[in-house]
Protein chains: 2
Amino acid sequence: MTEGNTPMHRVVYKTIRKNIEENVYPGDSLLPSENEMCALFEVTRPTIRQALTRLENDGFIKRYQGKGSIVQKVHHRLGILSIKGVSQVLGTQGSLTTQIIKKPVVEPWPDDFMFDLTPEEKSYGCISMKRLRLINGKPIIFDIVHLVNIDIPRFCQKKYEKRSLFSTLKNDYNIDVINGEQNIRAINATKEIAKHLKVPERQAILHLEGAHYTSKNLRVFSEAFCSTDRFYLHGSF
Amino acid sequence: MTEGNTPMHRVVYKTIRKNIEENVYPGDSLLPSENEMCALFEVTRPTIRQALTRLENDGFIKRYQGKGSIVQKVHHRLGILSIKGVSQVLGTQGSLTTQIIKKPVVEPWPDDFMFDLTPEEKSYGCISMKRLRLINGKPIIFDIVHLVNIDIPRFCQKKYEKRSLFSTLKNDYNIDVINGEQNIRAINATKEIAKHLKVPERQAILHLEGAHYTSKNLRVFSEAFCSTDRFYLHGSF
DNA sequence: ATATATAACTTGTATATACAAGTTATATAT
DNA sequence: ATATATAACTTGTATATACAAGTTATATAT
């Protein structure tokens with residue numbers, strides 16, 4: 001009924017999602033039918049359907065009565081929003097690359113941190129790093145990450161140019177993001193932000209403050225500044 | 001098993017949601033238990049649970065094992081995001097009021113409309129109106145609505161200062177929003193936008209282009225400009 | 001080769017039933 | 001009045017079963 005302590009509907013959800021993210025089930029393909037998955041996972045249809053409902057809700061698949069479940073193309077995401085090109089000529093928005101502006105380093109929290117911290121979190125201190133994300137060589141996001149310094153071994157020594165921070169946490173440390181929140185504003189670019197994003201100073205920039213809640217005693221905070229002249233954020237509901 | 005043509009899990013979802021929105025179940029209160037609702041709606045637990053799962057997913061309730069389902073306070077929403085004050089001293093963000101800048105009027109589509117239109121939609125033309133939304137007298141959103149002119153009787157004669165456009169569609173015309181999408185950018189305020197929002201020209205403004213898909217052959221488009229110096233948009237995932 | 005009817009698949013909706021795990025109310029002992 | 005154990009509630013997880021409604025594959029007739 002469960003695998004270890006994980007309920008089967010969660011096991012099914014995670015497995016299918018992982019297969020989608022790793023292109024085992026590519027975008028636009030049909031997932032195995034519900035009956036096939038019952039055999040695969042050795043559970044019954046209501047359990048499979050619970051997992052599929054959540055996958056559909058999270059945007060990974062779309063279900064059609066009588067036809068099957070179609071895998072949706074994975075978009076680059078920023079919290080609840082995905083990044084989309086002003087011109088769709090890029091296909092899947094071109095390749096997203098990352099430059100590390102400031103490598104991960106242990107330091108005290110900034111004085112006026114954007115989210116309230118618990119006393120425990122304050123006492124741990126934080127690890128911070130700065131990244132620039134580019135699509136086709138054009139900088140579109142400048143972000144500053146802070147995570148609680150709960151003494152994750154060798155975290156600061158790892159390379160993040162080619163690996164997602166969150167997939168590193170998941171794969172190397174078995175730390176999963178459970179949920180999160182984002183605050184969104186528009187600000188005029190400061191000199192520093194303008195320099196990183198290669199836009200004129202005072203140009204309008206999206207400012208996103210996000211907090212991710214994980215399966216361990218670890219919150220990950222991100223402050224992202226996005227240039228939206230050639231790319232925008234997209235949400236559906 | 002269904003009510004008219006509506007499956008019971010949807011009837012349950014709509015009824016509970018309506019009761020929450022109309023304060024029959026106020027924020028922070030306990031919903032009736034699943035067993036009580038089975039009796040109320042004359043269905044079984046899986047059907048109730050399907051509706052509750054969706055209510056929780058949409059942010060209306062939060063469920064606690066062994067305890068019950070707590071109604072969440074309703075926030076003013078803009079698509080998938082809610083409006084939150086920079087200072088939470090406002091409680092539920094103060095009162096949101098609406099001024100109609102331009103009353104609903106039938107007119108041709110703008111030449112360079114933000115979303116692609118079908119030939120059918122183009123031939124119908126549109127109804128458009130402009131609104132200003134204020135919190136505690138401070139303008140925060142200037143929005144321009146276009147909806148396809150499918151000949152909704154007396155639509156242009158109705159008052160929208162005190163009524164939601166979407167609740168008017170739902171209650172007077174039985175037209176429900178099914179889903180939608182939003183594109184989000186930051187722009188520098190033009191002279192017109194600055195005037196409406198009472199901010200300096202060229203100040204950074206959130207620009208949201210939204211399309212709502214309804215139960216009838218009607219799409220509703222909204223172009224919103226948001227001042228985020230005292231309020232910001234919030235999303236959770 | 002083509003059209004049509006039907007079989008066989010798919011997802012959608014729903015009831016019935018059972019037990020696990022968490023919280024709250026109540027009974028009892030002191 | 002207080003502490004503790006237990007009963008009674010809640011939501012969480014899951015199997016079993018059946019039929020509805022939509023799509024696709026196949027069989028058959030021409």
Side-chain angles (χ1 to χ4, degrees), chain A residues 1-17 19-20 25 28-72 176 178-179 215, chain B residues 1-17 19-20 25-26 28-72 176 178-179 213 215:
Chain A
M1 275 6 157
T2 67
E3 198 167 273
N5 278 345
T6 311
M8 279 308 293
H9 72 84
R10 284 194 149 272
V11 172
V12 174
Y13 171 90
K14 284 180 164 184
T15 303
I16 297 174
R17 176 175 164 159
N19 283 339
I20 290 173
Y25 303 129
D28 291 329
S29 64
L30 269 176
L31 281 185
S33 70
E34 290 173 11
N35 284 339
E36 284 169 317
M37 293 195 203
C38 290
L40 225 68
F41 291 97
E42 295 183 327
V43 292
T44 54
R45 265 189 85 210
T47 303
I48 294 293
R49 287 182 60 75
Q50 191 173 343
L52 293 181
T53 295
R54 191 167 156 215
L55 283 162
E56 180 168 43
N57 200 65
D58 291 348
F60 290 98
I61 63 171
K62 198 170 177 62
R63 296 191 286 182
Y64 299 85
Q65 182 173 355
K67 187 186 184 77
S69 302
I70 310 285
V71 178
Q72 302 298 285
D176 288 304
I178 308 278
N179 54 31
S215 49
Chain B
M1 275 13 155
T2 67
E3 198 167 273
N5 277 344
T6 311
M8 279 309 293
H9 72 83
R10 282 191 150 274
V11 172
V12 174
Y13 170 90
K14 283 181 165 184
T15 304
I16 298 173
R17 177 177 165 161
N19 283 340
I20 289 173
Y25 303 129
D28 290 331
S29 65
L30 269 176
L31 281 184
S33 71
E34 290 175 9
N35 283 339
E36 284 170 314
M37 293 194 203
C38 289
L40 225 68
F41 291 97
E42 296 183 328
V43 292
T44 55
R45 265 189 85 211
T47 303
I48 294 293
R49 286 182 61 73
Q50 190 173 342
L52 293 181
T53 296
R54 190 165 157 213
L55 284 163
E56 178 167 45
N57 201 64
D58 291 348
F60 290 98
I61 63 171
K62 198 167 177 64
R63 296 190 287 184
Y64 299 85
Q65 184 173 352
K67 189 186 183 77
S69 302
I70 310 283
V71 178
Q72 303 296 287
D176 287 304
I178 308 278
N179 55 30
Y213 302 82
S215 49

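Proteins get letters first, then strands, A, B, ... in listed order; numbering begins at 1 in each.
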In whole angstrom, give the distance that lies between atom CD1 of B/I48 and atom P of C/dT13.
15 Å

Per the under-4.0 Å heavy-atom filter, residues of residues 30-39 of chain B near DNA chain C come out as none

Can you check the B/F41 CZ to C/dT15 P distance for me, whole Å?
13 Å

Please determine if a side-chain N or O atom of B/R45 lies less than 4.0 Å away from the OP1 or OP2 oxygen of C/dT15.
no

Dot-bracket line, read 5' to 3' along DNA chain C, where crossing pairs take [ ] and | marks a partner on another strand, Watson-Crick or G-U under 3.5 Å
||||||||||||||||||||||||||||||

State which residues pass side-chain contact (heavy atoms from CB on, under 4.5 Å) with B/N19; sequence neighbours excluded, sorted by chain then number.
B/T15, B/V24, B/Y25

On a heavy-atom basis, the closest approach of B/R54 and B/Y13 is CG-CE1, 3.6 Å

Return no unless some side-chain N or O of A/T47 is found under 4.0 Å from OP1 or OP2 of D/dT15.
yes

Find the distance A/Q65:CD to C/dT13:C1' and express it as a whole number of Å.
9 Å

Whole-Å distance, A/M8 CE to D/dT13 P, equals 13 Å

Identify the heavy atoms of B/A51 and B/H9 that sit nearest to each other, and give their distance.
CB-O, 3.4 Å

Between D/dT13, C/dA14, D/dT15, which nucleotide has the shortest distance from any of its atoms to the side chain of A/T44?
D/dT15

Could you state the CD-P distance from B/E42 to C/dA14, rounded to the nearest angstrom?
14 Å

Options C/dT15, D/dT11, D/dA16, nucleotide nearest the side-chain atoms of B/R63:
D/dT11

Heavy-atom pair of closest approach, residues B/T44 and B/C38:
C-SG, 3.7 Å

How many angstroms lie between CD in B/Q50 and CE in B/M8, if you round to the nearest 0.5 Å?
12.0 Å

Using side-chain heavy atoms (C-beta onward) and a distance below 4.5 Å, is A/L31 in contact with A/L52?
yes

Using the salt bridge (Lys or Arg N to Asp or Glu O under 4.0 Å) rule, collect all pairs that involve residues 33-52 of chain A, keeping only residues at least two apart or in two chains.
A/E34-A/R45, A/E34-A/R49

What integer distance in Å separates B/I61:CD1 from D/dT10:C1'?
13 Å

One should read off an interatomic distance between B/L40 CG and B/I16 CD1, to the nearest 0.5 angstrom, of 8.5 Å

Could you pull out all donor-acceptor pairs under 3.5 Å where a side-chain atom in residues 61-70 of chain A meets a protein atom, sequence neighbours excluded?
from  : atom 1 : to    : atom 2 : distance (Å)
A/R63 : NE     : A/E56 : OE1    : 3.1
A/R63 : NH2    : A/T53 : OG1    : 3.0
A/R63 : NH2    : A/E56 : OE1    : 3.4

In whole angstrom, what separates A/I70's CD1 from C/dT11's P?
10 Å

When rounded to the nearest 0.5 angstrom, what is the spacing between CD1 in B/I48 and CG in B/L55?
10.0 Å

When rounded to whole Å, the OH to P distance for the pair A/Y13 and D/dT13 reads 14 Å

Contact under 4.0 Å: A/R49 side-chain N or O vs C/dG12 OP1/OP2:
yes

Please figure out whether B/G68 or A/P46 has its closest DNA chain D nucleotide nearer the 5' end.
B/G68

Extract from the structure each pairing of a protein N or O with an N or O of nucleotides 24-26 of chain C at less than 3.5 Å, listing the distance.
from   : atom 1 : to    : atom 2 : distance (Å)
C/dT24 : OP1    : B/K67 : NZ     : 2.6

